[in-house]
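Note that the structure is a prediction, hence the values are computed from the model and not measured.
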Amino acid sequence: MSAKKVLTIQRLGFPWQTEDPFLATMYHKDAYPPGNEKQGPSTSLEGRNLGEDFTLRDGFRMYHGKTVPGFPAHPHCGFETVTVVLEGFVDHFDSMGASGRYGNGDVQWLTTGRGCQHTEMFPLVHQDKGNPLELFQIWLNLPAKNKSADPEYKMLWSEEIPEIQSISPNGKKTTVKLIAGKLQAKTSLEPTNASWAKDSNHHVGIYLIHMEPNASFTLPSVSDTLNRNLYFYQGDEILIDGNVIPASHRVKLAGDQETEITNGAKEGYLLVLEGEPIKEPVVQYGPFVMTTEQEIRNAFSEFRRTEFGGWPWGRLDPVNELESGRFSRNKDGEIEKR
């Protein structure tokens with residue numbers, strides 16, 4: 001058993017540093033203006049480096065988008081993306097023929113497996129007011145045996161994601177949304193079939209935590225091999241085992257220790273990522289993640305040959321109709337609306 005509860009404290013950069021089985025976490029927060037008829041910004045984009053606009057200007061970035069902000073068609077291979085949208089909307093299209101619009105608490109779980117192309121465009125659906133966007137994209141590795149799995153896309157709708165509410169002795173409340181894992185006898189929705197999170201023995205946990213001022217919450221002991229990281233991304237300060245930690249910091253915690261978190265004077269927002277390590281080599285070249293250099297070369301060769309199924313949507317930055325609402329359409333055409 002570890003003697004210390006807090007192992008590392010590190011200021012957050014971009015992307016956020018993660019540990020096996022996670023690869024990276026990207027946090028996006030943009031204050032987009034009202035949208036136009038194309039669901040892009042109604043304000044001028046003059047002076048921006050469109051196609052590579054990662055500089056915060058007037059409160060927002062276009063990223064790789066030129067008309068609508070976001071990330072037009074691009075390939076992934078060998079890992080999973082878990083996209084957690086706290087506010088705003090994301091339009092999804094992929095090379096399997098699936099599509100959708102999700103947001104305001106929804107989560108998309110995408111196993112890229114042997115390879116797929118997809119988009120994440122940020123439609124500005126409100127023309128009479130601003131379109132704030134806040135999301136995490138968490139990259140979760142796949143074990144070698146599942147890197148050749150068929151791509152799979154699954155929605156975890158906000159209304160169905162389990163929540164825990166915990167009341168501190170002082171009456172202050174903590175709310176935890178279980179994106180993955182088990183906590184206080186509640187279990188998350190099922191991830192995709194090839195995911196490292198599918199096996200409960202891997203103890204994969206993705207928890208979104210909101211703490212009222214001066215609330216406290218305890219993470220349970222799991223195992224001495226667990227990698228557990230807490231990301232305190234918004235608030236004043238938290239107290240863990242005598243350590244006063246300001247916002248915008250990552251805290252690596254011992255996985256075999258019951259650890260109490262006490263919030264400071266402002267509302268606190270935290271993300272916890274934890275899991276047993278896969279313990280396999282990671283060879284990454286951009287959005288391709290394999291275990292050897294030869295596998296990376298093979299993956300690139302496969303993409304050049306097949307384009308991972310091609311791109312059936314015409315334009316590389318498609319968006320759904322303005323009034324489409326939240327929905328998902330699977331590769332067989334079956335539609336689920338919210």
[X] (side chain) donor-acceptor with [Y] (main chain) under 3.5 angstrom:
{"X": "Lys5", "Y": "Glu258", "value": "yes"}
{"X": "Asp30", "Y": "Arg61", "value": "yes"}
{"X": "Lys186", "Y": "Glu163", "value": "yes"}
{"X": "His28", "Y": "Met26", "value": "no"}
{"X": "Thr306", "Y": "Phe308", "value": "yes"}
{"X": "Asp94", "Y": "Gly97", "value": "yes"}
{"X": "Gln117", "Y": "Glu307", "value": "yes"}
{"X": "Gln257", "Y": "Thr259", "value": "no"}
{"X": "Ser168", "Y": "Asn170", "value": "no"}
{"X": "Thr292", "Y": "Glu295", "value": "yes"}

Do [X] and [Y] have side-chain N/O donor and acceptor atoms under 3.5 Å apart?
{"X": "Ser99", "Y": "Arg329", "value": "yes"}
{"X": "Glu302", "Y": "Asn298", "value": "no"}
{"X": "Thr83", "Y": "Gln137", "value": "yes"}
{"X": "Glu134", "Y": "Tyr27", "value": "yes"}
{"X": "Trp109", "Y": "Glu152", "value": "no"}
{"X": "His126", "Y": "Asp128", "value": "no"}
{"X": "Glu276", "Y": "Ser223", "value": "yes"}

- Message: Checking side chain to side chain contact (heavy atoms under 4.5 Å, CB included) between Tyr231 and each of Ile209, Leu273, Val272, which is the one that passes?
- Response: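 Single pass found, and it is Leu273.
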
* To do: Apply the side chain to side chain contact (heavy atoms under 4.5 Å, CB included) test between Leu253 and each candidate in Asp241, Thr8, Leu230, Leu226; give the one that qualifies.
  =>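 With Leu253 as partner, Asp241, Thr8, Leu230, Leu226 yield a single side chain to side chain contact (heavy atoms under 4.5 Å, CB included), made by Leu230.
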
Self-check item: Atom of Tyr63, atom of Gly70 and distance for their closest heavy-atom approach
Solution: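 Nearest pair, atom of Tyr63 first, then Gly70: CB-O, 3.5 Å.
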
Hey, does [Y] have a side-chain heavy atom less than 4.5 Å from the side chain of [X]?
{"X": "Val289", "Y": "Cys77", "value": "no"}
{"X": "Thr111", "Y": "Leu142", "value": "yes"}
{"X": "Asn141", "Y": "Val282", "value": "yes"}
{"X": "Gln284", "Y": "Ile296", "value": "no"}
{"X": "Trp196", "Y": "Ile278", "value": "yes"}
{"X": "Leu50", "Y": "Leu45", "value": "yes"}

Under the side-chain contact (heavy atoms from CB on, under 4.5 Å) rule, what do Gln17 and Gln10 come out as? Steps first, then yes or no, please.
CA-CA 9 Å; Gln17 184 174 335; Gln10 179 189 47; 2.9 Å; yes

Using the ring centroid of each side chain, check whether [X] and [Y] are separated by less than 6.0 Å.
{"X": "Phe232", "Y": "His249", "result": "no"}
{"X": "Phe136", "Y": "Tyr233", "result": "yes"}
{"X": "Trp311", "Y": "Phe93", "result": "no"}
{"X": "His64", "Y": "Phe54", "result": "yes"}
{"X": "Phe327", "Y": "Tyr102", "result": "no"}
{"X": "Phe89", "Y": "Phe122", "result": "no"}

Evaluation steps, salt bridge (charged side-chain N to carboxylate O under 4.0 Å, His left out), between Asp20 and Lys279: CA-CA 7 Å; Asp20 190 0; Lys279 293 184 178 178; over 6 Å; no

Got a salt bridge between [X] and [Y], using NZ or NE/NH1/NH2 to carboxylate O under 4.0 Å?
{"X": "Lys198", "Y": "Glu190", "answer": "yes"}
{"X": "Arg338", "Y": "Glu160", "answer": "yes"}
{"X": "Asp106", "Y": "Arg326", "answer": "yes"}
{"X": "Asp317", "Y": "Lys66", "answer": "no"}
{"X": "Lys172", "Y": "Glu212", "answer": "no"}

Intermediate values then yes/no, ring pair (Phe, Tyr, Trp, His ring centres under 6.0 Å), His92 and Tyr153
CA-CA 10 Å; His92 168 85; Tyr153 154 58; 4.3 Å; yes

According to the interplanar angle, ranging from 0 to 90°, do the rings of Phe79 and Trp139 count as parallel (below 30°), tilted (30 to 60°) or perpendicular (above 60°)?
->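 The rings of Phe79 and Trp139 sit tilted, inter-plane angle from 30° to 60°.
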
Flag yes if [X] and [Y] sit in one hydrophobic cluster, no otherwise; membership is Ile, Leu, Val, Met, Phe, Trp, Tyr, and two members link when side-chain heavy atoms are under 4.5 Å apart.
{"X": "Val90", "Y": "Tyr32", "result": "yes"}
{"X": "Val204", "Y": "Leu178", "result": "no"}
{"X": "Met62", "Y": "Val125", "result": "no"}
{"X": "Val222", "Y": "Leu183", "result": "no"}
{"X": "Ile240", "Y": "Leu208", "result": "no"}

Practice item. Report the C-alpha separation of Leu322 and Gln127 in whole Å, then their side-chain angles, then the decisive distance to 0.1 Å, and conclude whether the side-chain contact (heavy atoms from CB on, under 4.5 Å) test is met. Key: CA-CA 10 Å; Leu322 181 65; Gln127 297 183 355; 3.9 Å; yes

- Checking side chain to side chain donor-acceptor pair (under 3.5 Å) against Asn229, which of Glu274, Lys252, Glu19 comes through?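 In the set Glu274, Lys252, Glu19, the residue that makes a side chain to side chain donor-acceptor pair (under 3.5 Å) with Asn229 is Glu19.
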
Can you measure from [atom1] ([X]) to [atom2] ([Y]) and round to the nearest 0.5 angstrom?
{"X": "Lys154", "Y": "Thr192", "atom1": "NZ", "atom2": "OG1", "answer": "7.5 Å"}
{"X": "Ser216", "Y": "Ile238", "atom1": "OG", "atom2": "CD1", "answer": "12.5 Å"}
{"X": "Met211", "Y": "Asp236", "atom1": "CE", "atom2": "CG", "answer": "12.5 Å"}

**Message:** side-chain contact (heavy atoms from CB on, under 4.5 Å) for Ser158 and Asn104? Distances and angles first, verdict last.
**Reply:** CA-CA 7 Å; Ser158 176; Asn104 290 345; over 6 Å; no

Requested in this report: Identify whether NZ of Lys or CZ of Arg in Arg48 sits under 6.0 Å from the centre of the six-membered ring of Phe60 and within 45° of that ring's axis.
Outcome: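 Geometry flag: set, cation within 6.0 Å and 45°.
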
Evaluation steps, side-chain contact (heavy atoms from CB on, under 4.5 Å), between Lys182 and Ser200: CA-CA 8 Å; Lys182 184 175 182 179; Ser200 62; over 6 Å; no

